[in-house]
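To start, the structure itself, in structure tokens.
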Amino acid sequence: MDYQSENDANAIPYMRNDVHGLYHAVRAADKMSRELFGIALAGKRPDIITAGALAKRVLLEHVYGLGDPSKNVTAYQREHRTDLPEIDAWWRKRSLYRGGMTLLNAAYGGRLHRLPLYKYDVNSMYPFQISIMPDLVGLPRRLTWDEYTTLSNSRRSRVVAIYEIYAAYGHVKDTAIPTWYDPITRGYVANVDFSYTEHDGLPYLMFGDEFEELRNWYDFDEHMTEIRSVIVYDRVTNPKYKEWADQYYKLKADAKRAENKVMETLVKLVLNSSYGKIAENPIREDTHREINPETSAVVLISDGEHLTRSLLSVVQGALISSMARCQLMRTIRRACRDNPRKYFVYADTDSIACLLPYDDTDAYTLGALKDETGDTPINFWKYLAPKTYMIAHVDGDNVLDLEVHTKGVPTKVVLGDLKNTDGTWKTPREISRRFAVGQRFQALSGMNIVGGKALIPLYKELVNASTAFKYNDGDVVEILEDEIEKR
């Protein structure tokens, strides 16, 4: 329902109906949460009000089982020695913690392609990493690089290593694409040119397994690359994490088969939100709202920051995300026959799109690769930037189905603009021209005002033309098109 339509007598009844629907959805979720977890989501005094808080409470109760959220947090902090925010800040300043990996092969970016495209997803990537992760308990110790490299293979396999990189130089291999994240430019670079002197005088911390995986993508200058020391934790396994992941992953699958949407959604929130709570930043911003007397707008005012003592472990969270990135890179190499530059198109956190079919898939096992392609490969696609792309199946001038992802622009607005007034899709040619760098779409932006919220129309660009990535129009695509024709 378009609530902004003027003089629409149905607007108020529709809004009232939506509010009623939301009320009953919350009540259903509350009932299910009480049954599954013993946690209230509604009522006069809800136990929690965010998905992250629900996930954190359920995970820690499963691992420690003390029946009290604060006691579970304290037990975690004592075991992992992470009760000081200053320690958390030390790791973050050295760029150990990063999120998921989003990659776009420059050879295919920025223009329309009609090559067959295949999509794959890892089943519950982050819950899977939690289920197999080493538990970083206790305090680490520091070894010199020489001390670490002289350890036997057996001894090395019993520790989790974090490299302290003071300098790194290298170049992406001819068959690869950039996967080295530069902590200074905050992007993936083809030429590795890192010096700690440009990183606030601090080394770049990276888990050893991830650095070794990057050797499959880069030729490093071994004489110029300097890893002075290695921080190591003993590799400890806590079976409670695997129990938690297996239990709730099965519960989600059972709920899906039973078409129990409330249970499926709640369990999915618990699974997918846990990783973020483990690595949550303990710094909280204090704010309040004031009314601007001239515009009647409600303005958010910052009152500074405070530290929360309920933090868990940024190192553990960093390990989970590093393990996920390593699995993604290994999956790309396997699916693209060790030639990502030629066959890889796009990846985002737990999914990849490439130009080759891949048979080693499993739609049900936790951590396995699921084929999301469908009955036929995608044959009409355009990737403009990370998190901004369209994929479709077309038959001649007929668009059979279309999916868009548009960072910063509501997908509903973009999809509506790609359709005719009768609801049918526009022609592939028209769609490609509209879904392009610099194209603007009218969206609504909310502003808090006295008495409610105002929705203000404004124009947003899919990708700004002045800052758009300059994609490579080299010979890779031509080679592939010739190869497709030969098939």
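All of these numbers come straight from a predicted model, not from anything done at the bench.
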pair S131-Y241: side-chain heavy atoms closer than 4.5 Å: no
M133 side chain reached by M323 side chain, heavy atoms, under 4.5 Å: yes
CG-OG distance between L96 and S322, expressed to the nearest 0.5 angstrom: 8.0 Å
Heavy-atom pair of closest approach, residues A168 and V192: O-CG1, 3.4 Å
Worked verdict on K250 versus D254 for salt bridge (Lys or Arg N to Asp or Glu O under 4.0 Å): CA-CA 6 Å; K250 182 180 183 303; D254 292 344; 2.9 Å; yes
Residue D209 excluded, over 12 heavy atoms near CG under 6.0 Å: no
Beyond-backbone contact of I177 with L103, side-chain heavy atoms, under 4.5 angstrom: yes
Beyond-backbone contact of Y204 with Y163, side-chain heavy atoms, under 4.5 angstrom: no
Any donor-acceptor pair under 3.5 Å from Y218 side chain to T179 backbone: yes
Salt-bridge present (E210, R98; N to O < 4.0 Å): yes
Gap between atom CZ of F211 and atom CE of M206 - 0.5 Å precision: 7.0 Å
Ring-ring centroid check Y188 W217, cutoff 6.0 Å: no
Ionic contact status for R434 with D417, cut-off 4.0 Å: yes
Pairwise side-chain contact, D234 with V159, heavy-atom cut-off 4.5 Å (strictly under): yes
Any donor-acceptor N/O pair, Q442 side chain to V413 backbone, under 3.5 Å: no
Value rounded to 0.5 Å, distance of CD in E79 from OG1 in T74: 12.5 Å
For A161 against V230, the heavy-atom pair lying closest together: CB-CG1, 3.7 Å
Test: R325 cationic atom under 6.0 Å from F207 six-membered ring centre, within 45° of axis: no
Side-chain donor-acceptor contact under 3.5 Å, E243 with Y248: no
Any donor-acceptor pair under 3.5 Å from T406 side chain to V409 backbone: yes
R78 atom CZ, over 12 foreign heavy atoms within 6.0 Å: no
Compile the donor-acceptor pairs under 3.5 Å between side chains in residues 47-61 and protein atoms, sequence neighbours left out, one pair per line.
unit_1	atom_1	unit_2	atom_2	d
D47	OD2	A40	N	2.7
T50	OG1	A53	N	3.1
K56	NZ	S310	O	2.8
E61	OE1	G67	N	3.0
E61	OE1	N72	ND2	2.8
E61	OE2	G67	N	3.3

Test log, rule side-chain contact (heavy atoms from CB on, under 4.5 Å), inputs Y233 and D135: CA-CA 9 Å; Y233 282 88; D135 197 13; over 6 Å; no
Value rounded to 0.5 Å, distance of CG in D350 from CD in Q129: 10.5 Å
Criterion side-chain contact (heavy atoms from CB on, under 4.5 Å) on T265 and M32, from CA distance to verdict: CA-CA 10 Å; T265 302; M32 184 62 67; over 6 Å; no
cation_pi(R94, W90) dist<6.0 Å, angle<=45: yes
Donor-acceptor under 3.5 Å (E290 side chain, L300 main chain): no
H405 versus D348, side-chain donor and acceptor atoms under 3.5 Å: no
S321 side chain vs A318 backbone, donor-acceptor pair below 3.5 Å: yes
Sidechain-backbone polar pair: T82 side chain, L312 backbone, donor-acceptor under 3.5 Å: yes
Heavy atoms from other residues, nucleotides or ligands near CD of E86 exceed 12 (cutoff 6.0 Å): yes
S33 side chain to A29 backbone, donor-acceptor under 3.5 Å: no
Member of I391, V345, I352 meeting the side chain to side chain contact (heavy atoms under 4.5 Å, CB included) criterion with K119: I391
Shortest non-hydrogen contact from H199 toward P183: NE2-CB, 3.9 Å
Donor-acceptor under 3.5 Å (D182 side chain, I184 main chain): yes
Closest non-hydrogen atom pair, V404 against L402: CG1-CD2, 4.0 Å
Min side-chain heavy-atom separation F128-I320 under 4.5 Å: no
Salt bridge E264-K268, side-chain N to carboxylate O under 4.0 Å: no
Steps toward side-chain contact (heavy atoms from CB on, under 4.5 Å) verdict (Q316, H80): CA-CA 9 Å; Q316 193 73 56; H80 295 79; 4.2 Å; yes
Non-hydrogen atoms of S195 and Y169 that approach each other most closely: CB-OH, 4.0 Å
Derivation and outcome, side-chain contact (heavy atoms from CB on, under 4.5 Å), residues V315 and L319: CA-CA 6 Å; V315 189; L319 174 62; 5.8 Å; no
Electrostatic pair R257-E259, nearest N-O below 4.0 angstrom: no
Check: Y346 ring centre within less than 6.0 Å of Y389 ring centre: yes
Beyond-backbone contact of I231 with R141, side-chain heavy atoms, under 4.5 angstrom: no
Residue pair E285 / S302, side-chain donor-acceptor N/O under 3.5 Å: yes
F344 backbone acceptor or donor facing N105 side chain under 3.5 Å: yes
Ion pair check, D30 and R34, cut-off under 4.0 Å: yes
Under-4.0 Å salt bridge between E280 and K277: yes
Flag if over 12 foreign heavy atoms under 6.0 Å of CZ, R284: yes
Flag, side chain of N123 to backbone of T365, donor-acceptor distance under 3.5 Å: yes
Q439 side chain reached by E461 side chain, heavy atoms, under 4.5 Å: no
From CG (L143) to OG (S229), nearest 0.5 Å: 9.0 Å
By side chain to side chain donor-acceptor pair (under 3.5 Å) - contacts of N191 (at least two apart): H171
A436 versus K382, closest heavy-atom pair with distance: CB-NZ, 4.3 Å
Over 12 non-hydrogen atoms of neighbours within 6.0 angstrom of NZ in K242: no
Nearest-0.5 Å distance that lies between atom CE in M125 and atom CG in L366: 11.0 Å
